[in-house]
Amino acid sequence: MLHRKIYQLSCDGREVWVFLRDQHRWIERAKILNIEGDLVTLRYETEEDDECCAWEEMVRLESIGAIQQKLATVPKGDAELAVSDDCPASEQIPD
């Protein structure tokens, strides 16, 4: 089942957070590039000091303990949130 979910996320092309249980670490904001057999290729970036590094890492499917994706983002502070009344009439859901 995890294999199917990872395949579905790779088709969507969205960023994911992957927990590697054998290394006890999270890979943040990764993109799933390829799934071949039990190997998953991930691409992600890290920032250390003033350097931005891009990484491609191949991990075994069995070492993936969890996978997450961000569903939505809400701004902090005094920002006005868009509500359904603000969208065009053609896009509003009828009562």
Side-chain angles (χ1 to χ4, degrees):
M1 182 154 156
L2 180 63
H3 189 274
R4 271 187 276 150
K5 187 63 178 176
I6 292 172
Y7 177 75
Q8 183 182 26
L9 291 170
S10 71
C11 291
D12 292 345
R14 298 179 65 185
E15 288 182 336
V16 293
W17 282 250
V18 180
F19 180 72
L20 301 177
R21 73 172 130 209
D22 56 347
Q23 299 176 21
H24 298 284
R25 70 177 175 113
W26 282 95
I27 296 176
E28 299 177 350
R29 297 177 177 247
K31 195 165 208 174
I32 301 169
L33 298 180
N34 191 16
I35 303 169
E36 191 169 320
D38 68 336
L39 291 176
V40 179
T41 306
L42 303 171
R43 181 178 179 81
Y44 60 97
E45 294 181 357
T46 60
E47 288 187 34
E48 296 174 10
D49 300 326
D50 291 334
E51 293 181 351
C52 184
C53 301
W55 301 89
E56 275 191 22
E57 191 168 336
M58 296 174 74
V59 297
R60 294 210 175 271
L61 193 60
E62 65 194 29
S63 69
I64 297 175
I67 191 161
Q68 301 175 349
Q69 68 176 344
K70 186 184 291 186
L71 298 178
T73 304
V74 177
K76 290 184 178 181
D78 295 332
E80 287 275 335
L81 295 177
V83 293
S84 60
D85 295 337
D86 295 338
C87 70
S90 60
E91 296 179 8
Q92 290 184 9
I93 298 174
D95 291 333

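Residue numbers count from 1 along this sequence. Note that the coordinates shown come from a computational prediction; the quantities given were computed from them, not determined experimentally.
- Between atom CD of residue Gln68 and atom CZ of residue Phe19 there is a gap of 10.5 Å, rounded to the nearest 0.5 Å.
- Contact record, Gly37 with His3: O-NE2, 3.6 Å, taken as the closest heavy-atom pair.
- For the atom pair CZ of Arg43 and CG of Asn34, the computed distance is 13.5 Å after rounding to the nearest 0.5 Å.
- Both Val40 and Tyr7 belong to a single network of hydrophobic side chains, linked directly or stepwise wherever heavy atoms of I, L, V, M, F, W or Y lie under 4.5 Å apart.
- Hydrophobic clustering (side-chain heavy atoms under 4.5 Å, transitive across Ile, Leu, Val, Met, Phe, Trp, Tyr) groups Val16 together with Ile35.
- Taking every heavy atom of both residues into account, Trp55 and Thr46 meet most closely at NE1-OG1, 2.9 Å.
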Item to check | Derivation and outcome, side-chain contact (heavy atoms from CB on, under 4.5 Å), residues Leu9 and Arg14 | outcome: CA-CA 7 Å; Leu9 291 170; Arg14 298 179 65 185; 5.9 Å; no
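- Panel note: side chain Arg21, backbone Ala66; no donor-acceptor pair is recorded below 3.5 Å.
- Here CD of Glu28 is found 13.0 Å from CD of Glu45. Values are rounded to the nearest 0.5 Å.
- Between atom CD of residue Gln69 and atom CD1 of residue Ile32 there is a gap of 9.0 Å, rounded to the nearest 0.5 Å.
- The SG atom of Cys11 sits 12.0 Å away from the CD1 atom of Ile6 when rounded to the nearest 0.5 Å.
- With sequence neighbours left out, Glu57 forms a side-chain hydrogen bond (donor to acceptor under 3.5 Å, both in side chains) with Arg25, Tyr44.
- To the nearest 0.5 Å, atoms CG (Leu61) and CG (Leu2) are separated by 5.5 Å.
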Checklist entry - Stepwise, does the side-chain contact (heavy atoms from CB on, under 4.5 Å) test hold for Leu42 with Lys31? => result CA-CA 6 Å; Leu42 303 171; Lys31 195 165 208 174; over 6 Å; no
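- Inter-residue side-chain proximity for Glu36 and Met58 is flagged as unmet; no heavy-atom pair is nearer than 4.5 Å.
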